[in-house]
Amino acid sequence: MGIVETFMIYLVIGMVVATALWVAHGRTLSVSAVFDLLMWALLWPFFAPLLFGQALASDSSRVSSPRGNSERARDTKESRLHETQQRLLQAIGRLDGLAEGVIKPQLTQIDAMVRSLDVAEHRLQEMEEMLHSHEFDMTQVDAALHDLRSKGYNDEEPRVRSLGARRRNIERLQSMRDRTHDELERALVKLEEISSQVLLLRFADQPETKLASLLKEVAGNVDGLATVVLEMSEV
Amino acid sequence: MVLTKTLESFAVATPSVAAPQVAARERPLHFHDLLIRDDPRLDEAIVAGERDIAPIQKLLTLSVGGTTLYGFAVGLAAQLLQLPGPMGEWLGRVPLLTFPLALTAAFLLALAVCLPSFYFYTQLSGLDASFRLITMQALRIQARTSILLLGVLPVYAAIVLGSVVGVIEGGEELILLGVLLPFVVGLAGLTSLYKSFERLGQVLPVAHVRRPCFLSRLVMAWGMMYAVVCPVALYRIGEGLAAMF
């Protein structure tokens, strides 16, 4: 097989990858989109991993396993947060022309927020795991306390004091977990709002929309999201 | 401001990523700028490339643009010097066309061929990096090399010009230098890769216990693999294109 035949096969695979990327990104026909399509087809080995990543991400959300309700709810939130982040990034990626230029200063802030949310999500996961550990087993602490009190020991007893302190630590961690959970939920809603506003920016050059006011709203929401993230870090 | 406070508060959690973002807000990110300076902020774009297609496209555009321009300059030199011998045969009758095409295609093709190996080497070293991150890192080396080649180009052009007007002798050696120069400049790309993995190594998950000097071994493995595949690709593609034109 010569260089021409190899190149033909390479191009066929490239066309398949480019079509899949086109569909995955929901592109509409434009000059820049055609240029992108050509780039994807010619240099497909560098873009194919991105395609596989998206496929895996959507597959993993479909996988179910026999776990507890809280874990499933947490996983749903994680995947929802991840999906929302993906949608926001895709919405930004679809911007072109004037809107792309004016949104650029906001991108770094949005990127920082998305990263911070990832950190907060990871923290929530760690808290959940810790609450399932032996040291943070409330049932066990309560049983031990009940046992000591039934034997006639009062609050002055060092063992009772120690168990009491352990109980307070568990309660503190539970409260931190609940607050982080709520703040993440708030951030998620804010992200969805920003995503919809960024999508609206695509039509900012139309007379019925005002670019300045839209940008102000996006900036306001990014700042709002920053507040949520800050509150999360202070939990 | 609230945002500044937020970023500062998270600087403790993710020191290598969050801290540069405060500075990043001061001016928009330009890939070529970051590549020339080997700015740590480029890591953010690399990580963002895992979820977004735009950074990959930008790195590829810079890689292709820089390499093609450099190849065009070397091809022009070969065209003007009208080389006899094996070098002249390899470049064909129209080196102005064959060399930039061969150089760009060989560099990108070799990179594409080496990607799975790069992924395995990274995993074996103990860094649990995704295939997408590896692709971005490979393109980072290529883009940085391309940008730096453009910096070297005026010096090379001046030497070639000296040869064309007869001040300097050795036409074939000059073209050989032009062919070898991207590999020498590529070492700067490898240095950038080392530094980047050094930073990312603090945040990437640990695949298994990392051996001593794992980063040096990893970068050496990447470099050796590429140094073997790329010259072969360049030779074969150049030969094929010379036969066509």
Side-chain angles (χ1 to χ4, degrees), chain A residues 2-4 6-7 10 21 24-25 35-36 39-40 42-54 56-57 82 85-86 88-90 92-93 95 100-101 104-109 111-116 118-120 122-123 219 222-234, chain B residues 1-10 12-14 17-18 20-29 41 44-45 47-54 56-57 59-61 63-64 105 108-109 111-113 115-116 119 130-136 138-139 142 203 236-237 239-241 243-244:
Chain A
I3 196 164
V4 179
T6 312
F7 187 65
Y10 178 89
L21 278 169
H25 285 83
F35 177 76
D36 285 348
M39 194 184 206
W40 296 342
L42 284 172
L43 302 166
W44 65 265
F46 302 103
F47 294 106
L50 205 71
L51 196 67
F52 297 145
Q54 283 173 352
L56 280 173
H82 184 70
Q85 288 177 2
Q86 289 280 350
L88 177 61
L89 289 169
Q90 279 176 11
I92 292 166
L95 287 178
E100 191 186 17
K104 261 185 183 168
Q106 309 288 338
L107 285 181
T108 323
Q109 294 181 20
D111 197 41
M113 292 305 103
V114 166
R115 267 177 231 286
S116 303
D118 283 340
V119 173
H122 184 66
R123 261 179 52 184
V222 170
D223 220 34
L225 183 61
T227 316
V228 175
V229 174
L230 178 68
E231 281 169 12
M232 254 188 283
S233 70
E234 285 171 350
Chain B
M1 197 181 156
V2 175
L3 187 64
T4 314
K5 207 176 165 192
T6 310
L7 292 168
E8 281 167 1
S9 70
F10 272 92
V12 181
T14 52
V17 179
Q21 282 170 352
V22 180
R25 281 184 297 111
E26 290 163 10
R27 56 192 291 273
L29 297 170
R41 276 178 283 173
E44 293 166 33
V47 174
E50 283 200 86
R51 293 176 291 191
D52 192 15
I53 205 162
I56 299 183
Q57 283 181 326
L59 284 177
L60 266 172
T61 309
S63 304
V64 172
L108 291 175
L109 196 72
L111 214 55
V113 167
L115 278 178
Y119 175 71
S130 70
F131 199 87
R132 282 161 286 163
L133 186 76
I134 299 302
T135 309
M136 290 292 293
L139 285 173
Q142 188 54 47
V203 286
R236 294 292 294 167
I237 293 173
E239 201 179 43
L241 286 171
M244 280 170 73

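Chain naming here is simple, since letters A, B, ... match the order of the sequence lines and numbering starts at 1 in each. Atoms considered below: every heavy atom in the structure, side chains included; atoms not considered: hydrogens, waters and symmetry mates. Nothing here was measured: the structure is a model prediction, and the numbers come from that model.
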Practice problem: Counting only heavy atoms closer than 4.5 Å, note whether B/L108 contacts chain A via side chain, backbone, both or neither. | Solution: both
Exercise. List for me each residue that meets side-chain hydrogen bond (donor to acceptor under 3.5 Å, both in side chains) alongside B/Q57, sequence neighbours excluded, and say none if there are none.
Key: A/D36
Self-check item: Region of A/W40 that comes under 4.5 Å of a non-hydrogen atom in chain B
Solution: side chain
Quiz item: Side chain, backbone, both or neither: which part of B/V113 has an atom under 4.5 Å from a heavy atom of chain A?
Solution: neither
Quiz prompt | Audit row: A/F47, B/T135, side chain to side chain contact (heavy atoms under 4.5 Å, CB included) steps and yes/no | solution = CA-CA 9 Å; A/F47 294 106; B/T135 309; over 6 Å; no
Quiz prompt | Gap between atom CG of A/L43 and atom CD1 of B/I56 - 0.5 Å precision | solution = 11.0 Å
Practice problem: Please round to the nearest 0.5 Å and tell me the distance separating atom CG of B/L59 and atom CZ of A/F46. | Solution: 10.5 Å
Practice problem: Would you mind telling me which of B/I53, B/T61, B/V64 makes a side chain to side chain contact (heavy atoms under 4.5 Å, CB included) with A/M39? | Solution: B/T61
